[in-house]
Amino acid sequence: MLDKKYEAKEKESKWLNYWQEKKIYEFKPDAREVFSIDTPPPTVNGKIHIGHIFSYTQTEMVARYKRLRGYNVFYPFGFDDNGLPSERLVEKEQGKKAKEIGREEFAKLCYETTDKYESEFQDLFSKMGVSTDWQIHYKTVSPTTIKISQRSFLDLVNKGHCYHKESPALWCNECLTSIAQAELETKTIKTTFNYVNFKTVEDNEEFTIATTRPELLPAIVCVFVNPEDKVHNHLIGKTAHIPVIDVEVPIMGDEKVAIDKGTGVVMCCTFGDQTDIEWWKKYNLPLKYIFTEDGCIASFVPNYGGMKIKEARKKIVEDLTNGGYIQKIEELEHEVQTHERCGKEVEYTVMKQWFIDIMNHKEDFLRIGNEIKWHPEHMHNRYNEWVSNIMWDWCISRQRYFGVPFPIWYCKDCGEVILAREEDLPVNPLVDKPSISSCPKCGSKEFIPETDIMDTWATSSVTPLINMRYGEKDNLESILKPMSLRTNASEIIRTWDFYTIVKSFYHFGERPWDNVMISGFVMADKGEKISKSKGNSKIEPMDAINEYSADVVRYWAGTGRLGSDIVFSDETLLRGKKLVNKIWNVSKFIEMHLQDYVDKEFNDFEYIDRWIIAKYQEMEKGFIKYLDEYEVGLALNTLEKFFWNFCDNYIEIVKHRLYRPEEFGDIPRYSGQKTVYMLLYKLLQDFSIFFPFITEEIYQELYKFNDSIHLTEIKFMDYDFNKELVTGDKLVEIISSVRGEKSSNNLSLKTPVKYLEINASQDIEEAINSSIKDFKATLFINNLQINHQDNDYEIKKIELEIEEKTA
RNA sequence: GGGCGAUUAGCUCAGUUGGUUAGAGUACUUGCCUUACAAGCAAGGUGUCGUAGGUUCGAGUCCUACAUCGCCCACCA
């Protein structure tokens, strides 16, 4: 028997253990069709917040739904312990920079730290009822993953999509590494706009350039004006003298110069910004790179060499002012590109780096985007927008320590790239030696290992490959190419989704998945995204589980619409709590009335039973439709609405028949038993997607067809009770009106109705007559009079038996 | 500045292809201890559907413009 009260905490831990012991969520390839989910490996950087719970739970619900629909669900979990986020976490915990700790020791600390957090993460996700097979979970830095990631790299190099080249790249002089365009974040900062006077060498004509970065004066290689600019275009062809620096550079024309910005005259440096690089390439300008990798002015720059960039800026403005070259200085608020991991302004650099070709295959990436179904559909635009506008090849070299090493050495003498052999993977070039003893090009016997590691996204973009064990003997390529579903939030469409598509296209020439499902964010309050940096999360996941139970927290997560943000709301949790409680109570009620029940073929359903069965079938259609679109929230809403109707109306009507067979007869009672038996099972299955714990508890007690409700399959009923669908609703309406009459007279619902007179159409009259016993019992009617009218119904008279209340 | 989305009851949100008096929950008020549930049941009031136009017999729903908010991108001289 079900307990009087449901103790969530105790039951949830019981079923967690049970599922684990019985391996309920184990993935084994078999004859069933596979539904595979590529879920984001959360970044191991300290904490899972309620936002993670929100989006992961929605995905999890899809996994449970597909399992109920008979799919063999492949749903592995991963952890991203790659690169910078982990390194920064370790640096923070140690209070020391990686450089000070030393490469080997640092990597060890990274492994220890990520392991520690991963077990915490796993515990939390398990407690939330995530139905993943932990046997096949992966880490983005592990021998297996490194092997697959390196194999992916070698494949791209061999196919000519990955190249090593000296090229401008984005550089973070806080993290001391190059970064990708996708890792940029724009920030508004306050700075000054300095109007600096220049002169032409030819005729000493003065002109002004406005700049936010005067420290770049020593890097100027050229001055540009717009050929359409009537004020300045006569300068084209002349030579500009750079004040203080005392260097002469040509003045050229280019239509990219905005006449109305600043003074309309622009200095071009190597490299101040994106445009500088474009001009540098377009006009083949000389390279005058003046920064060091740690954010200083290079020592070869006279007067300013060795200074920090900001110091140099100050000093140079001082010198300009003293020389009388500053016309004015304006305060300015403008947006700069910063590195999203550390928030520091990025610079450009020139060095040899590994790049993956993006620019030559944009059309292919767009085409593949079209082949994938996006949920919600409008998220496809985000992808298109990004791909269409991307301007750089993807730089995958990072000058960091912890991550996937490049399986590469360089010949010390001629610089020839020596690739590792595939059979030797995984390879750490710092420890391992190349398979060849001498350089095939020059014969040198000395090799230099690549010290860089790969970009975080270079490895997380291979999650489908990790899942399918790409290139391994026991691979799952045939069933996971493509995977069924990728899920993530909208902010990483341009990174994780895009890069995964790039890799899949280069490796296999096809899409990595059939569907992409995008979740929204959790907002702390209206208009404020919950983020680690702001620390504005009002609730910790573990606290929420302890306070409300995992099922209830899942309810909250499950109410969100795809792609839409959600606010953390106590009201929603309360609503979930009530729903879970109601499921328990109605199950107890049904269990009570099934003590003597034996399931058998039966078709002689009572009217009101036919009605609720028809209502269920109608609801189920919408429910399934929503789930097939991954709209778990709308599906839950549909189900919940039906469920309350089932409890408050149907159960209230049928209970009299279930309690009193002597009055209603054994067969009508059996009809009610059969109905609640069937529908509770269906409801438990449906609810098991959202509430895996409580539904399991009830299933095990009442049904137990197999080891777990989560291994059952949804079977559709096909009763044709369409007529009851409409007239039954009318019946409920009439019942509701009569109850209203009692209620507004401040009477108990048990108050007998002495006389009820209704005018009704033929259909409704038939409905009442077909359910006459249920109808009268529900409302406690003594005398009922039905008159005929053409359409609908009208309640003519309600006489209640009013007891005199004794004082 | 560009792209996408949102704007419906005090709060959190539904509203499917345009079709009568716009719906839930919550909060509030009133009543009811009804052989599952007081974490319950019944009843009740609450809305210029962001603003302004347009299409239509008919618009919360379609079109245009604007406003506010959010996400992403660009501008950074």
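Because the structure is predicted, anything quoted here is derived from the model rather than measured. Naming convention: chains lettered A, B, ... in sequence-line order (proteins, then strands); numbering from 1 in each chain.
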### Task
Measure from the side chain of A:Tyr348, starting at C-beta and using heavy atoms only, and say which of B:C76, B:C73, B:A39 lies closest.
B:C76
### Task
Using only heavy-atom distances, determine whether the side chains of A:His232 and A:Asp229 contain a donor-acceptor pair under 3.5 Å.
yes
### Task
Could you work out which one of B:G15, B:C76, B:G70 sits closest to the side chain of A:Asp565?
B:G70
### Query
Under 4.0 Å between a Lys/Arg side-chain N and an Asp/Glu carboxylate O for A:Glu652 and A:Lys655?
yes
### Query
What are the two closest non-hydrogen atoms of A:Gly253 and A:Ile236, and how far apart are they?
CA-CD1, 3.7 Å
### Task
If B:C62 has a Watson-Crick or G-U wobble mate with both distances under 3.5 Å, name it; if not, just say none.
B:G54
### Query
Ion pair present between A:Lys328 and A:Glu330, side-chain N to carboxylate O less than 4.0 angstrom?
yes
### Task
With C1' as the reference atom in both, quote the distance from B:A14 to B:G25 in angstrom, rounded to an integer.
10 Å
### Message
With a 3.5 Å limit on both atom pairs, tell me what B:U48 is paired to, counting Watson-Crick and G-U wobble, or say none.
### Response
none
### Query
Looking across every strand, which nucleic acid part, if any, lies under 4.0 Å from A:Lys577 by heavy atom: base, sugar-phosphate, or nothing?
base
### Task
Answer with yes or no after comparing the ring centroid distance for A:Tyr677 and A:Tyr703 against a 6.0 Å cut-off, counting only values under it.
yes
### Message
Measuring only the P atom in each nucleotide, how far is B:U20 from B:U12? A whole number of Å is fine.
### Response
28 Å
### Message
Return the pairing partner of B:A67 with a 3.5 Å limit on both distances, Watson-Crick or G-U wobble; otherwise return none.
### Response
B:U7
### Query
Is the distance from OP1 or OP2 of B:A14 to the nearest side-chain N or O of A:Lys641 less than 4.0 Å?
no
### Task
Run the ring-centre check on A:Phe224 versus A:Tyr283 and record whether the distance is less than 6.0 Å.
yes
### Message
Over all strands shown, is A:Ile493 touching base, sugar-phosphate only, or nothing at heavy-atom distances under 4.0 angstrom?
### Response
nothing
### Message
Against A:Trp556, only a single residue in A:Phe54, A:Phe690, A:Phe691 fulfils ring pair (Phe, Tyr, Trp, His ring centres under 6.0 Å); can you say which?
### Response
A:Phe54
### Task
From the options B:G40, B:U35, B:U30, select the nucleotide whose nearest atom is closest to the side chain of A:Asn746.
B:U30
### Message
Nearest whole Å is fine: how far is B:A24 P from A:Arg561 CZ?
### Response
19 Å
### Message
Mind checking if A:Lys621 touches a base, just sugar-phosphate, or nothing, with heavy atoms under 4.0 Å?
### Response
nothing
### Query
Across all strands, who's sitting opposite B:C41 as a Watson-Crick or G-U wobble pair, both distances under 3.5 Å?
B:G31
### Query
How close or far is atom P of B:U16 from atom CD of A:Glu618, stated in whole angstroms?
16 Å
Any N/O pairs under 3.5 Å between the protein and nucleotides 41-45 of chain B? List them or say none.
| residue | atom | partner | partner atom | Å |
| --- | --- | --- | --- | --- |
| B:C41 | OP1 | A:Lys582 | NZ | 3.1 |
| B:C41 | OP1 | A:Asp648 | OD1 | 3.1 |
| B:A42 | N3 | A:Ser743 | OG | 3.0 |
| B:A43 | OP1 | A:Ser736 | OG | 2.7 |
| B:A43 | O4' | A:Ser743 | OG | 3.4 |

### Query
Less than 6.0 Å separating the ring centroids of A:Trp171 and A:Tyr348?
no
## Note on the structure
When every non-hydrogen atom of A:Asn384 is compared with those of A:Ser388, the smallest separation belongs to O-OG, 2.6 Å
### Query
Checking all strands, does A:Glu741 fall into the base, sugar-phosphate, or nothing category for heavy-atom contacts under 4.0 angstrom?
nothing
### Query
In whole Å, what is the span from the CG atom of A:Asn645 to the C1' atom of B:G23?
15 Å
### Task
For A:Val265, report the nucleic acid contact type (base, sugar-phosphate, nothing); a contact means any heavy atom under 4.0 Å.
sugar-phosphate
### Task
May I have the distance from A:Arg575 (atom CZ) to B:C11 (atom P), rounded to whole angstrom?
17 Å
### Distance between C1' atoms of B:C28 and B:G70 (Å, rounded)
31 Å
### Query
Is the distance between the ring centroids of A:Phe643 and A:Phe687 under 6.0 Å?
yes
### Query
Between B:G15 and B:G31, how far is it from one C1' atom to the other, in whole Å?
32 Å
Dump the pairs, protein N or O against N or O of nucleotides 3-6 of chain B, anything under 3.5 Å, distances to one decimal.
| residue | atom | partner | partner atom | Å |
| --- | --- | --- | --- | --- |
| B:C4 | O2' | A:His378 | ND1 | 3.0 |

### Task
Measure from OH on A:Tyr555 to P on B:U26 and round the result to the nearest Å.
10 Å
### Task
To the nearest Å, give me how far apart CG (A:Leu779) and C1' (B:U34) are.
13 Å
### Task
With the side chain of A:Trp386 defined as its heavy atoms from C-beta on, choose the nearest nucleotide among B:C75, B:U16, B:C73.
B:C73
### Query
With respect to the side chain of A:Tyr626, which nucleotide from B:U12, B:G15, B:C76 is positioned closest?
B:G15
#### Entry: Separation of the P atoms in B:G2 and B:U46, to the nearest angstrom
43 Å
### Query
Closer to the 5' end of RNA chain B via nearest nucleotide, is it A:Leu634 or A:Glu571?
A:Leu634
### Task
For B:G1 and B:C13, measure between their C1' atoms and round to the nearest Å.
33 Å
### Task
Sticking with atom P, work out how far B:A22 lies from B:U61, rounded to a whole angstrom.
14 Å
### Message
Distance check needed: B:A74 C1' versus A:Glu278 CD, whole Å only.
### Response
12 Å
### Query
What is the distance from CZ of A:Arg494 to C1' of B:C71, rounded to the nearest Å?
11 Å
### Query
When the ring centroid of A:Phe775 is compared with that of A:His656, is the distance short of 6.0 Å?
no
### Query
Base, sugar-phosphate, or nothing: which does A:Phe193 touch, judged by heavy atoms less than 4.0 Å apart?
sugar-phosphate
### Query
Expressed as a whole number of Å, how far does the C1' atom of B:A9 sit from that of B:G50?
15 Å
### Message
Before you tell me yes or no, could you show the steps for A:Asp3 and A:Lys11 under salt bridge (Lys or Arg N to Asp or Glu O under 4.0 Å), namely the whole-Å CA-CA distance, both residues' side-chain angles and the distance that decides it to 0.1 Å?
### Response
CA-CA 11 Å; A:Asp3 300 343; A:Lys11 301 293 185 191; 3.1 Å; yes
### Message
Suppose we define a pair by two distances each less than 3.5 Å, Watson-Crick or G-U wobble; what does B:U12 pair with here?
### Response
B:A24
